[in-house]
Trainee: 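Would you mind keeping the following structure in view while I ask a few things?
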Amino acid sequence: MLSVVVLISGGGSNLRALLEAAADAEYPARIVAVGTDRPDAEGLRHAEEFGIPTFSVALSDFESRAAWGDELLNQIRQWQPDLTVLSGFMRLLPAGVVEALSPHLINTHPAFLPEFPGAHAVRDAVAAGATQTGASLIVVDNGVDTGPIIARERIAVEPGDTEAALHERIKPVERRLLIQAVLDIANGNLDLKELARA
Ligand code: GRF
């Protein structure tokens with residue numbers, strides 16, 4: 001059984017999809033804890049609904065990003081996860097945290113990487129007048145959305161698409177890629193160490 005910690009910052013709809021998948025006894029992964037940098041993150045309610053422990057480590061409580069990162073890593077390590085998933089986690093992790101967790105550290109991104117990296121991928125795609133974008137799942141490295149690609153899928157940008165409308169069409173694809181990737185990792189069909197070495 002693969003144990004997974006999920007980190008969020010917002011609504012957690014992707015987290016919820018993973019919680020629902022993991023609630024199925026046949027699914028070989030369990031979410032053991034949900035962490036956030038935002039104690040008020042809406043998505044924590046999904047963890048509470050499924051009875052999953054939560055923790056929050058707010059950057060503002062620390063003297064430095066490094067100290068914040070150390071505490072976040074401590075909290076994650078308490079759960080001894082096989083995998084840590086960033087899903088709507090809107091902070092860049094300090095290098096020490098990435099070194100400690102990657103390649104068993106993956107991130108969902110609402111674009112067809114390497115197109116539109118960064119925190120405003122959907123807005124950037126709309127602003128660029130792109131006719132297509134996508135959803136991606138990557139191994140986190142020390143760049144911004146530059147890690148090895150686990151999976152990605154194209155999504156059309158419709159004429160007149162707002163950022164919100166497009167993002168709501170991207171998220172279900174992210175969820176499907178995430179649920180499949182966690183399944184593949186759990187059943188040994190996807191070796192993150194191998195992918196990261198490639
Ligand atoms: C997702 O599109 C994720 O890729 C991006 O932020 C969004 C989070 O959505 N980083 P939610 O919080 O899972 O609803």
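Atoms within a ligand are numbered from 1 in the order they appear, just like the ligands themselves.
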Trainee: Charged N to carboxylate O under 4.0 angstrom, Glu49 versus Arg45?
Mentor: no

Trainee: Using a 4.0 Å heavy-atom cut-off, which part of Met90 comes near ligand 1: side chain, backbone, both, or neither?
Mentor: side chain

Trainee: Please state which protein non-hydrogen atom is closest to atom 13 (O) of ligand 1 and give its distance, to 0.1 Å?
Mentor: Asn14 N, 2.9 Å

Trainee: Are Ile76 and Pro81 side-chain neighbours, meaning at least one heavy-atom pair lies under 4.5 Å?
Mentor: yes

Trainee: Does Thr108 come within less than 4.0 angstrom of ligand 1, counting non-hydrogen atoms of the residue?
Mentor: yes

Trainee: Using modelled atom types only, decide if a donor and an acceptor are shared between the side chain of Arg169 and the backbone of Ala156 within a distance under 3.5 Å.
Mentor: yes

Trainee: Look only at interatomic distance and state if Glu174 has a nitrogen or oxygen under 3.5 Å from any nitrogen or oxygen of ligand 1.
Mentor: yes

Trainee: Using 0.5 Å steps for rounding, measure from the CG atom of Leu7 to the CE atom of Met90.
Mentor: 13.0 Å

Trainee: Any heavy atom of Gly43 closer to ligand 1 than 4.0 angstrom?
Mentor: no

Trainee: Which option wins on minimum heavy-atom distance to atom 12 (O) of ligand 1: Gly12, Ala41, Gly88?
Mentor: Gly12

Trainee: One thing to verify: whether Arg152 and Glu115 come together as a salt bridge, which I'm taking to mean a side-chain N less than 4.0 angstrom from a carboxylate O.
Mentor: no

Trainee: Which residue and atom name correspond to the protein heavy atom nearest atom 7 (C) of ligand 1, and how close is it?
Mentor: His167 NE2, 3.8 Å

Trainee: Is ligand 1 less than 4.0 angstrom away from at least one heavy atom of Arg16?
Mentor: no

Trainee: What protein heavy atom lies closest to atom 14 (O) of ligand 1? Include the residue and the distance to one decimal.
Mentor: Ser13 OG, 2.6 Å

Trainee: With heavy-atom distances below 4.0 Å as the criterion, list the atoms of ligand 1 near Gly11.
Mentor: 12 (O)

Trainee: side-chain contact (heavy atoms from CB on, under 4.5 Å) for Arg65 and Leu92? Distances and angles first, verdict last.
Mentor: CA-CA 10 Å; Arg65 281 180 58 80; Leu92 285 181; 3.8 Å; yes

Trainee: Less than 4.0 angstrom from a charged side-chain N to a carboxylate O is my criterion; do Asp40 and Arg38 meet it?
Mentor: yes

